[in-house]
Amino acid sequence: GSEAASEQGQEEETEDRLKEHMDSLLDKSAKARQAALQSLRLALASKTLSEFLLERRLTLTDSLEKCLKKGKGEEQALAGTVLTLLCLQMGSGPEGEEVFRSLKPLLVSVLTDSTASPSARQSCATALGMCCYIAAADLE
């Protein structure tokens with residue numbers, strides 16, 4: 001009984017931290033946004049959070065879109081990586097497809113922008129390829 005309660009408490013704590021990181025993606029400070037992206041990257045890479053993310057995918061997608069549009073270099077690169085991990089977590093169902101479809105034009109835009117940093121372009125290329133492989137319903 002106490003083990004299950006302890007596990008439940010840890011899960012709630014993890015979700016609270018994730019919510020804080022997601023809120024920090026809208027911070028005015030680029031450093032705060034980058035720190036939040038780093039934390040989200042680590043969390044999404046280390047644990048299956050599909051239930052938690054399912055309810056918040058639109059919010060997270062909107063925040064990642066802002067990071068890709070307004071951010072520079074490192075922030076864009078991290079946003080691309082977090083997007084790839086989000087797509088992996090959402091899987092090949094309609095949710096993953098929705099995330100991919102909404103951000104695909106922006107990924108292509110950063111990828112083809114010759115003024116964007118090489119790391120941002122590379123990250124967006126990876127995100128585009130992985131998300132397309134995982135979640136694109138349209139074979140073309």
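As the structure is a computational prediction, the values presented were derived from the model and not from experiment. All values below were derived from every heavy atom in this structure, side-chain atoms included, with hydrogens, water molecules and symmetry-related copies excluded. Start at 1 with the first residue, then count along the sequence.
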Calculate, to the nearest 0.5 Å, the distance between atoms [atom1] and [atom2] belonging to [X] and [Y] respectively.
X: T14; Y: Q10; atom1: OG1; atom2: CD; answer: 6.5 Å
X: L78; Y: R41; atom1: CG; atom2: CZ; answer: 6.5 Å
X: F52; Y: E12; atom1: CZ; atom2: CD; answer: 12.0 Å
X: K47; Y: L42; atom1: NZ; atom2: CG; answer: 14.0 Å

*Let me know which of K69, K70, R33 forms a salt bridge (charged side-chain N to carboxylate O under 4.0 Å, His left out) with E75.*
R33
*Hey, any chance L103 and Y133 share a hydrophobic cluster, counting ILVMFWY side chains that come within less than 4.5 Å of each other, even indirectly?*
yes
*Are V108 and L68 connected, step by step, through hydrophobic side chains (Ile, Leu, Val, Met, Phe, Trp, Tyr) whose heavy atoms are closer than 4.5 Å?*
yes
[X] versus [Y], closest heavy-atom pair with distance:
X: C87; Y: A135; value: SG-CB, 4.1 Å
X: Q89; Y: L49; value: OE1-N, 2.7 Å
X: F100; Y: C131; value: CD1-CB, 3.3 Å
X: V110; Y: C124; value: CG1-SG, 3.5 Å
X: S102; Y: T61; value: OG-CG2, 3.3 Å
X: L86; Y: L60; value: CD1-CD2, 3.9 Å

Check salt bridge (charged side-chain N to carboxylate O under 4.0 Å, His left out) between [X] and all other residues, then give those that pass, not counting sequence neighbours.
X: R101; result: E97
X: E98; result: R57
X: E55; result: none

*More than 12 heavy atoms of other residues, nucleotides or ligands under 6.0 Å from CE of M130: is that the case?*
no
Does a side-chain heavy-atom distance below 4.5 Å link [X] with [Y]?
X: E20; Y: D23; value: no
X: R121; Y: D113; value: no
X: S63; Y: L26; value: yes
X: T81; Y: L44; value: no
X: L53; Y: M90; value: yes
X: V99; Y: L83; value: yes

_Between E15 and K19, does any NZ, NE, NH1 or NH2 come within less than 4.0 Å of an OD or OE carboxylate oxygen?_
no
*Give a yes or no answer on whether the side chain of E95 reaches the backbone of L54 with a donor-acceptor pair at less than 3.5 Å.*
no
*Under 3.5 Å: donor-acceptor pair, side chain of Q76, backbone of S119*: no
*asked:* Checking M22 against L40 for the side chain to side chain contact (heavy atoms under 4.5 Å, CB included) test, could you report, in this order, the C-alpha distance in whole Å, the side-chain angles of both residues, the deciding distance, and whether it holds?
replied: CA-CA 8 Å; M22 288 170 65; L40 284 168; 4.2 Å; yes
